Amino acid sequence: QVRLVESGGGLVQAGGSLRLSCAASGRTISSNAMAWFRQAPGKEREFVGTISWIGDRTDYADSVKGRFTVSRDNAKNTMALQMNNLKPEDMALYYCALSDRAVAGRRTWDYGYWGQGAQVTVSS
């Protein structure tokens, strides 16, 4: 059974940067697409970005395009989310997700494995 653990969340001022990491254990993830989602209080979980199994394809929500970058290191079984120019509306609990497919989409049901989340707080 795969386990996903997010780290790197915290408090940052608007305009600042944070880097989230997701470490997978229990199985290799080098054949699987991965993604980041986020959920703010009172809102539905929303797609942030996804990366294909080998990292050659990425896709981002319009709200973060140009500011956030998803990357992965299959040798280390990890994925990262670099977040720049953070805005108050980016404040949420950020989740790492793993798909059973090599390339996956923007829907939550494309991903069968989830981490517990990392809190990102952005002060204005």
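None of these values were measured; they are calculated from a predicted model. Residues: numbered from 1 along the sequence shown.
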> Is the number of heavy atoms from other residues, nucleotides or ligands within 6.0 Å of CD (Gln116) greater than 12?
Replying inline: no
> What's the spacing between Arg72 CZ and Ile51 CD1 if we round to 0.5 Å?
Replying inline: 6.0 Å
> Could Arg45 and Trp114 be counted as a cation-pi pair, given that NZ or CZ must be under 6.0 Å from the ring centre and within 45° of the axis?
Replying inline: yes
> If you draw a 6.0 Å radius around CZ in Arg3, do more than 12 non-hydrogen atoms from other residues or ligands fall strictly inside?
Replying inline: no
> Looking only at heavy atoms, what is the nearest atom pair of Ala33 and Ala104, with distance?
Replying inline: CB-N, 3.6 Å
> Would you say the side-chain atoms of Ser99 and Asn32 include a donor-acceptor pair closer than 3.5 Å?
Replying inline: no
>> The test is side chain to side chain contact (heavy atoms under 4.5 Å, CB included); show your working for Leu86 and Phe68 and say whether it passes.
In response: CA-CA 9 Å; Leu86 281 158; Phe68 290 13; 3.7 Å; yes
> When you measure from the side chain of Glu6 to the backbone N and O of Tyr95, does any donor-acceptor pair fall under 3.5 Å?
Replying inline: no
>> Grouping I, L, V, M, F, W and Y whenever their side-chain heavy atoms are under 4.5 Å apart, do Val70 and Val64 come out in a common cluster?
In response: yes
> How far apart are the closest heavy atoms of Asn84 and Ser17, and which atoms are they?
Replying inline: OD1-OG, 2.9 Å
> Is Arg107 salt-bridged to Asp110, going by a charged N under 4.0 Å from an acidic O?
Replying inline: yes
> Do you know the tightest heavy-atom contact between Ala118 and Leu20?
Replying inline: CB-CD2, 4.3 Å
>> Please report the interatomic distance NZ(Lys76) to OG(Ser30), rounded to the nearest 0.5 Å.
In response: 15.5 Å
>> Quick check: closest heavy atoms across Asp62 and Lys65, and the distance to 0.1 Å?
In response: OD1-NZ, 3.3 Å
> Should Val122 and Lys87 be marked as a side chain to side chain contact (heavy atoms under 4.5 Å, CB included) after you check the CA-CA gap, both sets of side-chain angles, and the distance that decides it?
Replying inline: CA-CA 6 Å; Val122 184; Lys87 304 176 181 181; 5.7 Å; no
> Do Leu81 and Met34 sit in the same hydrophobic cluster, where Ile, Leu, Val, Met, Phe, Trp and Tyr count as joined when their side-chain heavy atoms come under 4.5 Å apart?
Replying inline: yes
>> Testing the basics here: between Pro88 and Ala14, what is the closest heavy-atom pair and its distance to 0.1 Å?
In response: CD-CB, 4.2 Å
> Are the aromatic ring centres of Phe47 and Phe37 under 6.0 angstrom apart?
Replying inline: yes
> Do Arg19 and Ser71 come within less than 4.5 Å of each other through their side chains, counting heavy atoms only?
Replying inline: yes
> Which heavy atom in Met79 sits nearest to a heavy atom in Cys96, and how many Å separate them?
Replying inline: CE-SG, 3.7 Å
>> Measuring from atom OG of Ser63 to atom CZ of Arg38, what distance do you get when rounded to the nearest 0.5 angstrom?
In response: 4.5 Å
>> Show, in sequence, the C-alpha distance, side-chain angles and deciding distance for Gln39 and Tyr94, and conclude whether the side chain to side chain contact (heavy atoms under 4.5 Å, CB included) test is met.
In response: CA-CA 7 Å; Gln39 188 167 18; Tyr94 282 71; over 6 Å; no
> Rounded to the nearest 0.5 Å, what separation is found between the OG1 atom of Thr121 and the CG atom of Asp90?
Replying inline: 11.5 Å
> How long is the span from the OG1 atom in Thr78 to the CG atom in Asp73, to the nearest 0.5 Å?
Replying inline: 4.5 Å
> Under a single-linkage definition using a 4.5 Å side-chain heavy-atom cutoff for Ile, Leu, Val, Met, Phe, Trp and Tyr, are Tyr111 and Tyr113 assigned to the same hydrophobic cluster?
Replying inline: no
> Cation over ring, Arg67 on Tyr60, under 6.0 Å and within 45°?
Replying inline: no
>> Determine whether Val103 and Ser52 satisfy the following criterion, side chain to side chain contact (heavy atoms under 4.5 Å, CB included), listing intermediate values before the conclusion.
In response: CA-CA 5 Å; Val103 180; Ser52 61; 4.0 Å; yes
> Any donor-acceptor pair under 3.5 Å linking the side chain of Asn77 with the backbone of Arg27?
Replying inline: yes
